[in-house]
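The figures that follow rest on heavy atoms only: side chains count, while hydrogens, waters and symmetry mates do not. In what follows, chains are A, B, ... by sequence order, proteins preceding strands, each numbered from 1. Nothing here was measured: the structure is a model prediction, and the numbers come from that model.
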Amino acid sequence: MEKPLAITLFSGTDDKLQAAAVLTAGAAAIGRPVHIFLQYWGLDAFRAGRDGTERQLAPEAGEEGRAAVERLASAGQATWRETLEQAKAIGQVEIQACSLSMDLLGLTPGDLDSLVDGVEGVTAFWLTASEGQVLFI
Amino acid sequence: MTIQIAVTVDARNLSCPMPIVKTAIAIKRLASGQVLEVLATDPGSAKDFAAWSKTTGNEVIESDVQGRVFRFVLRKK
């Protein structure tokens, strides 16, 4: 069994979500289990009905960065949501919502994207995360 | 001996990590020992397929590049 990877996904901009999705798919392809913990704006991006193309970017993207991201998207790059869907199809990928962030945003499990497997607290997250590496995005 | 290719994955013009993702999906449907061909233009493909082969045990039996198109022939573990 390959070493598990835990990703604390705090950011909710499409570029950072894309980076997280790419890292997840790559890990899934080589058999590394991935556990994603959605906090704050990362969780906000996983409301049901969002399709991964809101196109909000990190401030450092600027105009040139936005143009580059849009160029790749119009060339047919998969959205972060599609990439995560594929990652789930090839490997062991679990996506959990942080319970504090659920409270913060006033969300119930029914408000979440079907990619989200459940809601957990930070203790449960660390229990599964402690076996492997942790990334904060 | 001619290698019998069971399926070809055309991942040309797809960005990383889609060539590997599509290959991982396609290889699931094959039986052990069957052979799959991949075409990709992602510039990271050469290193990515080598790394994927090493960790998954699926063997790269041929690899070449023509212009910007990488071609890999893989045998399922």
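Applying the ring-ring contact (aromatic ring centres under 6.0 Å, His included) test to residues at least two apart or on different chains, the pairs with a partner in residues 5-49 of chain B are B/Phe49-B/Phe72. For residues 11-39 of chain B, the set of pairs meeting the ring-ring contact (aromatic ring centres under 6.0 Å, His included) definition, not counting sequence neighbours, is empty.
Listed here is the closest heavy atom pair of B/Val9 and B/Ala26: CG2-CB, 3.6 Å. In terms of heavy atoms, A/Val119 sits closest to A/Pro109 at CG2-CG, 4.3 Å. Nearest approach of A/Ala97 to A/Met102, heavy atoms of both residues: CB-SD, 3.9 Å.
Only the side chain of A/Leu72 has a heavy atom closer than 4.5 Å to any heavy atom of chain B. In this structure, the portion of A/Ala78 lying under 4.5 Å from any heavy atom of chain B is its side chain and not its backbone.
Across A/Leu38, A/Leu100, A/Val116, a single residue satisfies side chain to side chain contact (heavy atoms under 4.5 Å, CB included) together with A/Leu43, and that is A/Leu38.
Under the rule for a side chain to side chain contact (heavy atoms under 4.5 Å, CB included), A/Pro59 has no partner lying at least two apart in sequence or in another chain.
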Chain B to chain A donor-acceptor contacts, backbone plus side chain, under 3.5 Å:
| residue | atom | partner | partner atom | Å |
| --- | --- | --- | --- | --- |
| B/Lys28 | NZ | A/Ala89 | O | 2.8 |
| B/Trp52 | NE1 | A/Ala29 | O | 3.0 |

